[in-house]
Amino acid sequence: MDLLLQYVGLGVTSVFQGADGSLLLMPVLMVLIGVLVGILIGAVPGMSGPFAMAIALPILVSIFGYGNDALYPVLGCLLGIMKGATVGGAVPAILFKTPGTPDAFLTTLDGYPMARKGLGKKAIQTAHFASVMGDNFSDIVLFIAAPAIAVAVERILGLPEKSALIILSLCFMAAVVGKAPLKGLIGGLLGMFVSLIGSTMSGNGPRLTFGIPELGNGLPLTSAVLGVLVISEVLISIEEMHEARKTEAPSRERPEMGPALSWAERLRMMPGILRAAVIGTVIGALPGIGTTTAATLSYDTAKRRSKTPEAFGQGTPDGVVATEAANSAVSGANLIPVMSLGIPGNFAAVFIILAVETIGDFSFGPQVFQFTPIQHIEGFDTILNTNLVMAFGMFTMMVVANIFNWTLGGMLMGVLGHLVRIPKELMLPVILTVSLTAAYVQDGGYVGLLTAGVFALIGYALRRLQISILPFVIGFLLAPTLEGLVRGAFTASGGDAFFLLKSPIALGMLACSAFLLFRMVRQARNP
């Protein structure tokens with residue numbers, strides 16, 4: 001326990017204090033900026049937290065550079081955006097029936113009718129209270145569960161078991177993401193194949209580079225993700241903008257705001273918030289399922305358990321509580337597989353991992369939570385697990401972001417309704433310009449631009465074929481890790497080709513993967 005408290009103390013102080021004992025303000029300032037940007041972006045229809053994180057990451061890296069000193073400011077801003085966007089997305093959903101983020105779609109079912117009844121202020125404050133409470137709950141679970149899972153994984157799983165775990169995670173993600181699991185699996189395999197471009201880990205020279213020497217070090221990671229996620233979405237948005245002009249737009253007249261939410265009403269919401277937060281946390285901890293599923297399941301559960309189910313959809317605060325607490329609880333919980341296993345579960349987690357891999361020496365996984373004894377050697381240095389200190393530093397910045405969400409988020413939400421009037425015709429060129437500039441500056445000039453362009457076309461094709469982008473991105477990110485684990489396990493086994501089948505745990509995971517594949521094929525044959 002003493003060792004745990006020492007690491008927690010070092011993690012907390014590392015956010016506010018430099019190595020020389022000087023006061024640090026930059027990490028907290030960047031968390032604040034991130035929360036503000038996230039809340040503002042979340043309130044703009046068509047934008048989302050991961051979208052803003054994709055654009056912000058290259059800009060942050062170009063400002064703060066590389067190295068461990070840049071890690072806290074960059075991660076602090078990204079975490080702030082992730083958390084702020086979950087709060088801001090509810091405002092246009094309630095006032096104008098136009099969800100700022102896809103997560104807030106179900107909020108329109110009861111939030112908008114409340115606003116039409118002259119209860120706009122109460123609906124917004126209900127969404128803010130439920131959202132922040134759900135987020136705090138999932139963060140507490142993250143702080144407890146991530147180290148426990150990581151320690152268990154490190155003690156139980158070896159190289160073959162970790163390889164099988166990644167295979168199982170990819171199969172599970174393909175099975176639960178999107179409406180066509182087999183298509184998701186194909187997307188994941190395509191992402192893994194594309195990631196093979198570059199140098200081999202065996203030292204046998206470049207592979208799949210088509211004679212282009214610039215590809216010898218592999219594809220530029222940030223440009224690839226920017227292209228497949230952001231620029232392809234811009235291309236789709238341009239097409240949809242043309243179609244949207246043919247349909248009648250919802251009213252943009254600001255409704256009557258009405259009375260504020262009382263503390264007695266907040267207390268009565270607590271059981272519903274707790275139930276929704278548990279659902280959101282459990283769903284968020286599973287790779288690939290996401291906020292929409294959590295909000296849908298929570299809303300359905302709240303309606304079934306309610307004494308007045310007929311009120312749902314007519315403007316009841318219980319409906320707003322169910323969706324907002326659940327989708328916000330996902331944001332903290334989705335970092336559980338990231339922190340403990342190094343496996344991203346959604347797009348927000350992808351950009352947290354990208355930032356970590358781009359900057360400094362920190363990397364996620366079970367090794368982070370090794371409680372190495374802290375030894376002070378006179379005249380030399382202090383021996384400790386610096387990754388563990390940074391992990392607790394991240395937890396500290398998440399708490400700081402929650403505090404800003406509690407305070408500034410509540411004040412800002414009342415004035416965010418004007419952002420819904422920002423036209424897409426203005427936003428899309430700005431996003432496209434920033435994305436291409438970031439790809440050019442960060443990833444080696446024209447190689448970065450070409451990579452972003454090619455991956456934008458891949459992303460556009462996948463979306464038009466109704467193939468989820470998430471398995472593609474996760475497959476692209478995890479393939480090098482899987483290759484390293486398989487190579488290591490193969491070498492450690494003495495060249496045994498059946499090394500994966502000689503571990504009961506790995507065999508069980510592979511059996512589960514085979515079962516998921518069988519289900520995907522059967523579902524594709526009998527839709």
Side-chain angles (χ1 to χ4, degrees), residues 49-50 82-83 86 89 101-107 127 129-153 165 168-178 181 184 269-306 318-350 352 364 366 369 395 398 402 468 470-471 474 509 512 515-516 519:
M82 181 181 75
K83 289 180 171 293
T86 63
T101 61
D103 314 340
F105 174 74
L106 286 175
T107 306
F129 184 65
S131 179
V132 177
M133 289 295 291
D135 195 3
N136 279 290
F137 178 86
S138 71
D139 282 354
I140 292 170
V141 175
L142 165 70
F143 300 163
I144 297 170
I149 293 173
V151 170
V153 166
L165 178 62
L168 176 60
S169 300
L170 290 170
C171 290
F172 179 76
M173 199 174 304
V176 298
V177 172
M269 291 174 184
M270 288 307 297
I273 290 175
L274 184 60
R275 181 176 56 234
V278 170
I279 293 173
T281 301
V282 172
I283 295 293
L286 300 174
I289 297 185
T291 52
T292 305
T293 304
T296 305
L297 184 60
S298 174
Y299 189 86
D300 183 60
T301 304
K303 186 176 179 179
R304 282 190 288 106
R305 295 180 67 87
S306 173
D318 293 342
V320 178
V321 165
T323 55
E324 284 299 315
N327 65 30
S328 295
V330 172
S331 68
N334 65 40
L335 292 183
I336 292 176
V338 175
M339 299 287 287
S340 56
L341 304 172
I343 298 174
N346 64 8
F347 284 126
V350 165
I352 298 292
F364 291 116
F369 294 98
F395 290 164
M398 292 174 74
N402 287 341
S468 175
L470 185 59
I474 303 297
M509 293 180 182
C512 291
F515 173 72
L516 289 172
R519 279 198 61 190

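Computed from a predicted model, the values in this text were never measured in an experiment.
- In terms of modelled atom types and a separation under 3.5 Å, the side chain of Asn136 and the main chain of Val132 share a donor-acceptor contact.
- Listed here is the closest heavy atom pair of Met509 and Leu168: O-CD1, 3.9 Å.
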From CA spacing to verdict: side chain to side chain contact (heavy atoms under 4.5 Å, CB included), Val278, Val141: CA-CA 10 Å; Val278 170; Val141 175; over 6 Å; no
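- The CE atom of Met133 lies 11.5 Å from the OG atom of Ser138; values are rounded to the nearest 0.5 Å.
- Scanning both residues, Tyr299 and Ala322, for their nearest heavy atoms gives CA-CB, 3.9 Å.
- Ser328 contributes a side-chain N or O that, together with a main-chain N or O of Glu324, makes up a donor-acceptor pair within less than 3.5 Å.
- Proximity of a side-chain donor or acceptor of Thr323 to a complementary backbone N or O of Val320 within less than 3.5 Å is detected.
- Side chains of Phe395 and Leu142 form a contact here, defined as non-hydrogen atoms less than 4.5 Å apart.
- Rounded to the nearest 0.5 angstrom, Ser298 OG and Ile279 CD1 are separated by 4.5 Å.
- Atom CZ of Phe129 is separated from atom CD1 of Ile273 by 4.5 Å, given to the nearest 0.5 angstrom.
- In terms of heavy atoms, Ala325 sits closest to Ala276 at CB-CB, 3.6 Å.
- A donor-acceptor pair is defined here as one N or O able to donate and one able to accept, closer than 3.5 Å; no such pair exists between the side chain of Thr281 and the backbone of Ala333.
- No donor-acceptor pair under 3.5 Å is formed between the side chain of Ser306 and the backbone N or O of Ala302.
- Here CD1 of Ile336 is found 9.5 Å from CG of Asp139. Values are rounded to the nearest 0.5 Å.
- The two residues Val338 and Phe364 have their closest heavy-atom pair at O-CB, 3.2 Å.
- Contact of the Leu274 side chain with the Met270 side chain is not registered, since no non-hydrogen atoms from C-beta on lie closer than 4.5 Å.
- Atom-to-atom distance recorded for Leu106:CG and Leu297:CG is 11.0 Å, nearest 0.5 angstrom.
- Put simply, CG on Asn327 and CD1 on Ile283 are 12.5 Å apart, with the number rounded to the nearest 0.5 Å.
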